[in-house]
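Chain naming here is simple, since letters A, B, ... match the order of the sequence lines and numbering starts at 1 in each. All heavy atoms count here, side chains included; hydrogens, waters and symmetry mates do not.
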Number of protein chains: 2
Amino acid sequence: VVRIEHVSKRYVLGGQEVHALKDITLDIEDGVFLAIAGPSGSGKSTLLNLIGCIDTPSSGKIFLSGQDVSDKTPDQLASLRARSIGFIFQTFNLLPVLTAAENVEYPLLQLLHMDAEERRERVHYFLKIVGLAEKMRHRPNELSGGQRQRVAIARALAIEPAIVLADEPTANLDRKTGDAIIELMKDINRRLKTTFIFSTHDQRVMSAADRQVRIEDGSLRMLGVRTGE
Amino acid sequence: VVRIEHVSKRYVLGGQEVHALKDITLDIEDGVFLAIAGPSGSGKSTLLNLIGCIDTPSSGKIFLSGQDVSDKTPDQLASLRARSIGFIFQTFNLLPVLTAAENVEYPLLQLLHMDAEERRERVHYFLKIVGLAEKMRHRPNELSGGQRQRVAIARALAIEPAIVLADEPTANLDRKTGDAIIELMKDINRRLKTTFIFSTHDQRVMSAADRQVRIEDGSLRMLGVRTGE
Ligand SMILES: Nc1ncnc2c1ncn2[C@@H]1O[C@H](COP(=O)(O)OP(=O)(O)OP(=O)(O)O)[C@@H](O)[C@H]1O
Ligand SMILES: Nc1ncnc2c1ncn2[C@@H]1O[C@H](COP(=O)(O)OP(=O)(O)OP(=O)(O)O)[C@@H](O)[C@H]1O
Ligand SMILES: [Mg+2]
Ligand SMILES: [Mg+2]
């Protein structure tokens with residue numbers, strides 16, 4: 001469902017080039033539970049942002065469901081993201097003036113087939129299953145770090161997207177809460193065949209994954225062998 | 001060095017009271033390496049903010065080095081914080097328009113005994129030991145999540161404060177980088193007798209700690225026995 005071909009990402013900073021990603025080629029199968037591991041600064045968030053069409057590669061191509069995303073207009077990309085990609089950001093990116101419930105509801109507003117009552121039920125359901133039923137009316141600054149992370153998780157899952165991109169979704173969670181979240185995602189993966197792509201430092205997410213790749217200094221490594229070799 | 005006496009913290013939200021901390025009494029010895037563990041939403045950040053004088057309790061008293069902090073004027077508190085408390089925030093709170101080096105230097109500007117050259121050396125040293133020597137000129141939005149966390153860590157350590165308050169300092173770090181940070185902090189703790197108070201979900205920080213307390217739903221628990229009973 002996701003094909004990444006010879007993708008590189010370069011930044012220019014103070015006259016120097018920073019190579020965040022170097023010639024990445026990777027096929028991600030439909031319905032997989034994939035963990036991307038690697039040291040801090042190795043390129044995980046950068047890769048997720050490219051897959052999620054929030055950023056564009058410096059070179060190479062990315063295909064979502066067989067379609068080349070570089071062919072798409074900004075409007076088409078926005079529509080693709082709204083409908084089929086749920087993104088859980090490393091820094092959550094919640095809207096500060098909205099409550100937890102309003103934050104989770106926000107992406108649902110773009111799904112025209114839902115009325116207000118259905119949206120309310122769905123928001124209620126997803127906040128309940130991440131353990132935040134009693135915090136629905138809190139705004140982000142009235143929530144703990146791990147509660148904000150769970151609002152971001154509920155928001156991404158609520159649209160029931162084809163692909164969930166989760167950037168370190170358990171970083172701010174204790175063991176018990178983190179385990180519950182992983183279980184929830186595995187359950188959605190099994191039942192709805194949702195593709196899950198994680199960037200993670202958490203050993204438990206890696207153990208739960210059916211496939212694992214490793215990034216080091218912008219290059220893909222797999223089991224000590226560079227992919228494609 | 002830190003004494004917390006019958007401290008409670010309450011919020012009013014939508015006509016309801018939220019009890020974030022309930023009657024906390026705790027003595028924290030000079031030079032201890034203390035880990036505060038507990039589920040997401042249990043009150044860890046709230047407690048750290050009270051100790052760091054960033055927030056005030058609803059009831060109870062907090063003493064730093066024997067002095068009641070509620071007696072102090074805002075100016076005195078600001079000066080106390082600038083000189084003796086290094087705070088590593090759960091959400092980093094870096095200044096977006098400054099580079100990593102400028103962010104680390106910022107609190108040093110309040111230490112009038114240092115000249116520009118000494119500051120430069122100290123900034124260089126602390127960014128180097130958290131592994132960011134090559135990222136000194138990057139701004140926060142040009143850094144990965146874990147790199148930002150390490151800038152926040154370097155910034156807190158650089159003033160060589162008497163007390164370091166670290167709110168989940170390893171949340172965004174891979175195992176290897178996280179271990180190095182814990183080792184660094186243990187070393188500073190041994191050599192300079194700096195008091196370290198962590199809020200953490202990380203088992204490795206808990207194992208490195210010489211003392212551990214647990215918070216659950218705003219109340220202190222220690223080894224299954226409520227403190228003070
Ligand atoms: N705008 C930018 N300009 C220059 N370099 C950048 C920019 N954005 C990111 N980088 C660099 O790209 C590299 C990869 O960053 P990325 O955020 O993908 O890492 P990561 O694997 O997600 O790390 P972490 O585990 O710490 O979140 C980092 O070394 C970072 O310094
Ligand atoms: N301004 C506020 N109004 C109402 N409730 C609040 C406010 N700020 C925090 N809370 C509540 O106080 C409780 C404790 O929050 P705190 O941030 O201390 O938790 P924490 O232990 O640090 O959690 P985490 O591990 O998720 O970071 C949470 O349940 C939160 O919802
Ligand atoms: Mg990242
Ligand atoms: Mg917290």
Side-chain angles (χ1 to χ4, degrees), chain A residues 11-16 18 20 37-46 48-49 89-92 94 99 130-132 134-150 167-168 170-178 180-181 199-204 206 214-216 218, chain B residues 11-16 18 20 37-46 48-49 89-92 94 99 130-132 134-150 167-168 170-178 180-181 199-204 206 214-216 218:
Chain A
Y11 297 103
V12 181
L13 192 67
Q16 293 223 323
V18 178
S40 170
S42 54
K44 305 179 295 299
S45 296
T46 306
L48 253 54
N49 290 345
F89 297 95
Q90 189 167 0
T91 51
F92 321 151
L94 300 179
T99 64
V130 297
L132 293 179
E134 294 153 23
K135 301 291 181 182
M136 305 226 307
R137 322 266 296 280
H138 287 235
R139 275 190 233 99
N141 68 337
E142 295 159 345
L143 292 173
S144 79
Q147 290 167 344
R148 287 176 210 161
Q149 185 151 45
R150 284 180 275 158
D167 201 344
E168 301 192 31
T170 58
N172 284 278
L173 303 176
D174 55 282
R175 176 165 298 262
K176 188 151 166 273
T177 311
I181 293 295
S199 136
T200 186
H201 294 307
D202 189 340
Q203 193 53 51
R204 292 165 302 157
M206 293 187 225
R214 200 172 159 72
I215 291 190
E216 272 173 41
Chain B
Y11 298 102
V12 181
L13 193 67
Q16 293 225 326
V18 178
S40 171
S42 54
K44 303 179 297 298
S45 296
T46 305
L48 253 55
N49 290 345
F89 297 96
Q90 189 166 359
T91 51
F92 321 150
L94 300 178
T99 64
V130 298
L132 294 177
E134 293 153 23
K135 303 290 181 183
M136 305 226 308
R137 322 266 296 279
H138 287 233
R139 277 192 231 97
N141 68 336
E142 296 160 341
L143 290 173
S144 79
Q147 290 167 342
R148 286 176 211 161
Q149 186 151 44
R150 284 180 275 157
D167 201 343
E168 302 191 31
T170 58
N172 283 278
L173 304 177
D174 55 282
R175 176 165 299 261
K176 189 151 166 272
T177 310
I181 293 295
S199 135
T200 185
H201 294 306
D202 189 340
Q203 192 54 51
R204 293 166 301 157
M206 293 187 226
R214 199 169 160 75
I215 291 189
E216 271 173 42

Please classify the contact of [X] with chain B as side chain, backbone, both or neither, using a heavy-atom distance under 4.5 Å.
X: K44(A); result: neither
X: E168(A); result: side chain
X: Q16(A); result: neither
X: T91(A); result: side chain
X: S40(A); result: both

Just give me the residue among [options] that pairs up with chain A most often, heavy atom to heavy atom, under 4.5 Å.
options: Q90(B), Q203(B), H201(B); value: H201(B)
options: P39(B), S45(B), G14(B); value: P39(B)
options: R175(B), K176(B), K135(B), E142(B); value: E142(B)

Exercise for the section: Would you indicate whether the side-chain heavy atoms of V18(A) and H138(B) approach each other to under 4.5 Å? Expected result: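 Counting from C-beta outward, H138(B) and V18(A) do come under 4.5 Å.
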Handout entry: Minimum heavy-atom distance N172(B)-A171(A), with the two atoms named
Key =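 What the structure gives for the nearest pair is OD1-CB, 4.3 Å.
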Handout entry: CZ (R204(A)) with more than 12 external heavy atoms under 6.0 Å
Key =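 More than 12 within 6.0 Å, yes.
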Practice task
Please check if atom CD in E134(A) has more than 12 non-hydrogen atoms from other residues, nucleotides or ligands closer than 6.0 Å.
Solution key: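 Counting neighbours around CD of E134(A), 12 or fewer heavy atoms of other residues, nucleotides or ligands fall under 6.0 Å, so no.
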Practice task
First locate atom CG of D174(B), then atom CG of D202(A), and finally report the distance between them rounded to the nearest 0.5 Å.
Solution key: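 The CG atom of D202(A) is 12.5 Å from CG of D174(B), to the nearest 0.5 Å.
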